[in-house]
There are 2 protein chains.
Amino acid sequence: MELTKIPTLPKFTGGESREERTLSREPLDKSAFKQVIRKMNLKVTDQRLLILSALHEGRTHVTAQEVYEIVSAKDPEIGFATVYRFLRTLTEHHFVTEVRMGGLPARYEMTPQSHHDHLTCVSCGKICEFENHEIEALQEKVASQFGFELTSHVLELYGVCPDCQKRKKAKASFGN
Amino acid sequence: MELTKIPTLPKFTGGESREERTLSREPLDKSAFKQVIRKMNLKVTDQRLLILSALHEGRTHVTAQEVYEIVSAKDPEIGFATVYRFLRTLTEHHFVTEVRMGGLPARYEMTPQSHHDHLTCVSCGKICEFENHEIEALQEKVASQFGFELTSHVLELYGVCPDCQKRKKAKASFGN
DNA sequence: CTATCAATGAAATTCATTTTCATTAAAGGG
DNA sequence: CCCTTTAATGAAAATGAATTTCATTGATAG
């Protein structure tokens, strides 16, 4: 029986301030980014290198606007459309994954090596990532029962995080 | 062990033309719609009754634009904003469920009595509905492991439907 | 029947996203 | 290294869904 993978400290990637963890990936140098761009048959430009490094070093789940602000700090000449276009291209080539919730602006993250889904607090916006092979297996099973070849899925759980549960209880008792 | 519920005929709700099945609910009369509106502490208007009947009789997963066109046919005076506003209100009160896929316009359906998730064909847009209690149970488990109280979830599976698989194979062999 | 206040319709607005187009610059061959 | 080709860029305009505004209309309680 496969167990749900639970990190020793829940990966709360965010909080009231919408801060998220910074990624601690192995440092990818410029030439690695160039490889990525060349794999897509695109020309290597400073703008694209900047965007990739922003995605790589920055926090996960950034909006296009946020990426634009990050790269603008290093090169004020860079255009918004360039960021948008490249994010779309990266998404189409699956180097980046687009996450959309409700009608909010799309958020982007480097496509994670190990697939994960999201558990989001409806009260404060915290995002926990999780991975559950049992659920994945059942999804495959459902698809195959309908004769589908599964290509991808979106699983977003919404709930109230422990902190917000406490906060609500505190407020409730204060109110009485 | 709970089995995935599979209808005798897969509920293919759509096809190339984006047609979807019409619902065969027990006929709700006007007074039932009035009840729904009154439950929300809203005033009963002809427009709202029209919108409800369009949602009830029409196909599932309609866009606001489609609802507008349906009700326009019966009452050309009706405004787009009225449709939008009422769909939002219905959604907030959980009488209607909003489904968003990618950046496409939101689609609405009467909130299903038995919860179901969607299996969508990325090639032709067909939507199959399914229900899997094992997956639901595992979702609860994951949430509780993070200390969350689960309030809702979105599970969308994407794949290639049997028809499109055949079509692609046919095209491939024709090409050689 | 009348007053009150929500609901409506038309149009304007917002905001994310996408496209246009003139200019700039990457990459490959000489 | 220079030139040519063609893609990439940046600014601005365009698009399109969603939302809001506001003057008018109409539902409902008394």
Side-chain angles (χ1 to χ4, degrees), chain A residues 18 30-31 33-52 54 61-93 96-108, chain B residues 30-31 33-52 54 61-93 95-108:
Chain A
R18 291 222 111 279
K30 203 174 259 191
S31 76
F33 292 147
K34 288 184 183 176
Q35 302 262 347
V36 169
I37 298 171
R38 293 222 175 82
K39 259 184 209 156
M40 297 188 282
N41 291 315
L42 299 175
K43 290 181 178 171
V44 174
T45 63
D46 290 347
Q47 291 92 330
R48 286 174 174 166
L49 292 173
L50 261 182
I51 293 166
L52 279 178
H61 307 124
V62 282
T63 62
Q65 183 62 41
E66 285 164 357
V67 175
Y68 172 66
E69 281 158 19
I70 294 167
V71 296
S72 282
K74 298 195 181 177
D75 174 7
E77 293 300 290
I78 204 164
F80 193 58
T82 302
V83 174
Y84 244 103
R85 272 185 293 237
F86 194 44
L87 282 175
R88 178 146 51 108
T89 305
L90 285 166
T91 301
E92 282 164 5
H93 288 262
V96 155
T97 301
E98 193 185 62
V99 181
R100 286 171 187 268
M101 321 228 288
L104 300 170
R107 290 181 172 271
Y108 301 87
Chain B
K30 203 173 258 193
S31 76
F33 292 147
K34 288 183 183 176
Q35 301 262 348
V36 169
I37 298 171
R38 294 223 174 82
K39 259 184 208 156
M40 298 188 282
N41 291 314
L42 299 174
K43 291 181 178 170
V44 174
T45 64
D46 290 346
Q47 291 92 330
R48 286 175 173 163
L49 291 172
L50 261 183
I51 293 167
L52 278 178
H61 307 123
V62 282
T63 62
Q65 183 62 42
E66 285 165 356
V67 175
Y68 171 66
E69 282 158 18
I70 294 166
V71 297
S72 282
K74 299 195 179 176
D75 173 7
E77 294 299 291
I78 203 163
F80 192 59
T82 302
V83 174
Y84 245 104
R85 272 186 293 239
F86 193 45
L87 283 174
R88 179 145 51 108
T89 305
L90 284 166
T91 301
E92 283 163 4
H93 288 262
F95 284 108
V96 156
T97 301
E98 192 185 63
V99 181
R100 286 170 187 268
M101 322 228 286
L104 301 170
R107 289 180 173 273
Y108 301 86

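Chain letters run A, B, ... following the sequence lines, proteins first and then strands; every chain starts at 1.
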For every nucleotide of nucleotides 14-25 of chain C, 5' to 3': is a protein heavy atom under 4.0 Å from its base (B), only from its sugar-phosphate (S), or from neither (-)?
-> --SBBBB-----
B/Leu42 vs B/Tyr68, nearer the 5' end of DNA chain C by closest nucleotide =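 In this pair, the answer is B/Leu42.
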Separation of atom [atom1] in [X] from atom [atom2] in [N], rounded to whole Å:
{"X": "B/Ile37", "N": "C/dA7", "atom1": "CD1", "atom2": "C1'", "value": "12 Å"}
{"X": "B/Glu69", "N": "D/dA17", "atom1": "CD", "atom2": "C1'", "value": "14 Å"}
{"X": "B/Leu50", "N": "C/dG9", "atom1": "CG", "atom2": "P", "value": "10 Å"}
{"X": "B/Ile78", "N": "C/dT8", "atom1": "CD1", "atom2": "P", "value": "8 Å"}
{"X": "B/Leu49", "N": "C/dA7", "atom1": "CG", "atom2": "C1'", "value": "13 Å"}
{"X": "B/Asp75", "N": "C/dG9", "atom1": "CG", "atom2": "P", "value": "7 Å"}
{"X": "A/Leu87", "N": "D/dT9", "atom1": "CG", "atom2": "P", "value": "12 Å"}
{"X": "B/Arg48", "N": "D/dT25", "atom1": "CZ", "atom2": "P", "value": "18 Å"}

Below 4.0 Å: OP1/OP2 of C/dA7 and any side-chain N or O of B/Thr45 | no
Answer yes or no: is there a side-chain heavy-atom contact under 4.5 Å between A/Tyr68 and A/Thr82?
->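 Sidechains of A/Thr82 and A/Tyr68: no contact.
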So, do B/Leu42 and B/Arg48 sit near enough that their side-chain heavy atoms are less than 4.5 Å apart?
->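 Result yes, sub-4.5 Å side-chain heavy-atom pair found.
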Considering all heavy atoms, the nearest A/Thr63-A/Tyr108 contact =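 The answer is C-CD1, 4.4 Å.
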Hey, what's the ring geometry for B/Phe80 with B/Tyr84, parallel, tilted or perpendicular (30° and 60° as the breaks)?
->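 Perpendicular.
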Salt-bridge contact A/Arg88-A/Glu98 (side-chain N to carboxylate O under 4.0 Å) = no
Could you tell me whether the side chain of A/Arg38 and the main chain of A/Val44 form a donor-acceptor pair under 3.5 Å?
-> no
